[in-house]
2 protein chains.
Amino acid sequence: MKLSEGVEWGLHCTLLLAEVPAGVPVPRRVLAEHYGLAEAYLAKHLQALTRAGLLHATPGPNGGFRLARPATEITVLDVLEAVEGAASPFACQEIRRQGSGAALPEECTRPCAIASVIAQAHSSWRESLRAVTIDQLVERVPKTLRARNRAKFGGDAPT
Amino acid sequence: MKLSEGVEWGLHCTLLLAEVPAGVPVPRRVLAEHYGLAEAYLAKHLQALTRAGLLHATPGPNGGFRLARPATEITVLDVLEAVEGAASPFACQEIRRQGSGAALPEECTRPCAIASVIAQAHSSWRESLRAVTIDQLVERVPKTLRARNRAKFGGDAPT
DNA sequence: GCGGCAATACTCGGATAACAACTGTCCGAGTAAGTAAGG
DNA sequence: CCTTACTTACTCGGACAGTTGTTATCCGAGTATTGCCGC
């Protein structure tokens, strides 16, 4: 029941991409330096987010990652399941039907009660994460920090 | 975000122990055979449940495991966290304070929004599991199966 | 026949390997910009 | 001066090791039974 490290990375990066003005691409090297992360490993998670259709990757100079759709239409659940996988945490092995105490087929018309309870809890978990969008998270970022990030990625052209 | 295999084993075994009449101990060998599980590995999980104070282990002949308290006072969450560990699935690394885009200390007076959202979801998950007791699960077991289990462990004395 | 004792068999508990998944890293394919040559 | 083709540098994408956690297993410590011996 441990959550992958990449979930935090993916969420922070998605959050940052939602802060930059428009569709300005940010390369993964900059993202990695911004948070002090290992660039090569971050690549793996950004790739997962891209495959899930949350980010859009642009190759070549001035390329990078940008949100594939508005921050109001991306939920925390989207990011989490893109990185972590959307598989259920509990895979019922139906052990009630095995061994010397196996239940008869006619006793298994209803789904396993244990699996049902966990599925219900998992549903609550997902619903709670689905209720929060990336946009709402941006609003919780201190304004001074948000301004600094906007200035950093908005229009700095050295040389 | 994968749940350990032992959670299912622990829940089924706890459920079965709640079905046997009173404080009749059931050895792990019988439990393993009842569900077709590996006895040596099951031992590890039963041990965890015992350490958590959910089961009581009796050594020696006619020994085994029994519930340490009534099934009405044991929740699914108790069993799950006893086997899986009660640690939070998300350990915030505070990466917002690291790298070139590090937030200033005065910008971090409030806890990380990402960690807060996940903590909220985790709370929903736990609350959902805490609401169901082992006793309630027993009631969902088909009566015919329950009767068979009671007869199996209640009073069969060959020889 | 009864009580005590020792042997026994059965139980759990902790220490020990095998496997898998997550973590961490590298190099190659593709693209857009920049540059220089030609018209 | 403009167009065009080429070179270049920068980007992402997939393939390849290292390390931690889960899975699986075994053997030793402790206890209640059970049979036996002595009284």
Side-chain angles (χ1 to χ4, degrees), chain A residues 1-10 13 17 23-33 35-66 68 80 82-85 87 89-91 93 95 157-159, chain B residues 1-10 13 17 23-33 35-66 68 80 82-85 87 89-91 93 95 153 157 159:
Chain A
M1 190 48 192
K2 196 171 136 278
L3 217 47
S4 170
E5 187 88 20
V7 171
E8 184 174 5
W9 297 20
C13 288
L17 289 177
V24 179
V26 179
R28 70 184 182 201
R29 164 154 191 166
V30 175
L31 284 173
E33 283 180 352
Y35 287 119
L37 305 176
E39 180 189 348
Y41 187 30
L42 178 62
K44 178 161 286 198
H45 300 304
L46 292 175
Q47 189 177 346
L49 292 171
T50 303
R51 280 186 183 172
L54 301 179
L55 300 186
H56 180 79
T58 306
N62 292 345
F65 292 91
R66 63 176 172 81
L80 193 144
V83 174
E84 192 74 13
F90 183 79
Q93 302 292 329
I95 67 176
T159 307
Chain B
M1 189 49 191
K2 195 172 137 278
L3 217 46
S4 171
E5 187 89 20
V7 170
E8 184 173 6
W9 296 20
C13 288
L17 290 177
V24 178
V26 179
R28 71 186 183 197
R29 163 152 192 167
V30 176
L31 284 172
E33 282 180 353
Y35 287 119
L37 306 176
E39 180 190 348
Y41 187 31
L42 178 63
K44 176 160 287 198
H45 300 304
L46 292 175
Q47 188 177 348
L49 292 172
T50 303
R51 281 185 183 172
L54 301 179
L55 301 186
H56 180 80
T58 306
N62 293 345
F65 293 90
R66 61 174 173 82
L80 193 143
V83 175
E84 192 73 14
F90 182 79
Q93 302 292 329
I95 67 176
F153 298 105
T159 309

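Naming: A, B, ... by sequence-line order, numbering from 1 per chain.
Here the C1' atom of nucleotide C/dG13 and the CG atom of B/Leu49 are 14 Å apart, to the nearest Å. Taking atom CD on B/Gln93 and atom P on C/dT23, their separation rounds to 10 Å, with Å as the unit. Following rounding to the nearest Å, B/Glu5 (CD) and D/dT25 (C1') show an atom-to-atom distance of 16 Å. The distance from atom CE of A/Met1 to atom C1' of C/dA21 is 17 Å, rounded to the nearest whole Å. Atom P of nucleotide D/dC12 and atom CD of A/Glu39 are separated by 8 Å, given to the nearest angstrom. Atom CZ in B/Phe65 sits roughly 16 Å away from atom P in D/dT31 (whole-Å rounding). Look at CG on A/Leu42: it is 12 Å from C1' on D/dC12, rounded to the nearest Å. Between the C1' atom of D/dT11 and the CZ atom of A/Arg66 lies a distance of 15 Å, rounded to the nearest Å.
Mapping A/Gly6 and A/Ala43 onto DNA chain C by nearest heavy atom places A/Gly6 at the nucleotide closer to the 5' end. Both A/Lys44 and A/Gly64 sit near DNA chain D, but only A/Gly64 has its closest nucleotide nearer the 5' end.
For the pair B/His45 and B/Glu5, the minimum side-chain heavy-atom distance is 4.5 Å or more. The shortest distance between side-chain heavy atoms of A/Phe65 and A/Leu49 does not fall below 4.5 Å.
Interface remark: the A/Lys2 side chain does not form any donor-acceptor pair with the D/dG21 base, using a distance-only criterion of under 3.5 Å. B/Arg28 contributes a side-chain N or O that forms a donor-acceptor pair with the base of C/dG13 under 3.5 Å.
For B/Ala57, counting side-chain heavy atoms from C-beta on, the closest listed nucleotide (D/dC12, C/dG13, D/dT23) is C/dG13. Side-chain proximity of A/Pro59 to the nucleotides C/dT11, C/dT31, D/dT33 is greatest for C/dT31. Listed nucleotides C/dT31, C/dC10, D/dT23 differ in distance to A/Pro61; the shortest reach to its side chain belongs to C/dT31. The side chain of A/Ala40 lies closest to C/dC26 when the candidates are D/dA24, C/dA9, C/dC26. The side chain of B/Asn62 lies closest to D/dT33 when the candidates are D/dG13, D/dT33, D/dA24.
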Next on the checklist: A/Leu42 vs A/Tyr35, test: side-chain contact (heavy atoms from CB on, under 4.5 Å). Steps then yes/no.
Outcome noted: CA-CA 11 Å; A/Leu42 178 62; A/Tyr35 287 119; over 6 Å; no
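Contact check, B/Ser4 against D/dT23: a side-chain N or O comes under 4.0 Å of OP1 or OP2. Contact check, B/Tyr41 against D/dT23: a side-chain N or O comes under 4.0 Å of OP1 or OP2. The phosphate of D/dA32 (OP1 or OP2) has no side-chain N or O of B/Thr58 nearer than 4.0 angstrom.
Distance CZ/B/Arg29 to CD/B/Glu39: 6.5 Å, rounded to 0.5 Å.
Here the options are B/Leu55, B/Leu17, B/Leu54, the test is side-chain contact (heavy atoms from CB on, under 4.5 Å), and the partner is B/Leu46; only B/Leu55 passes.
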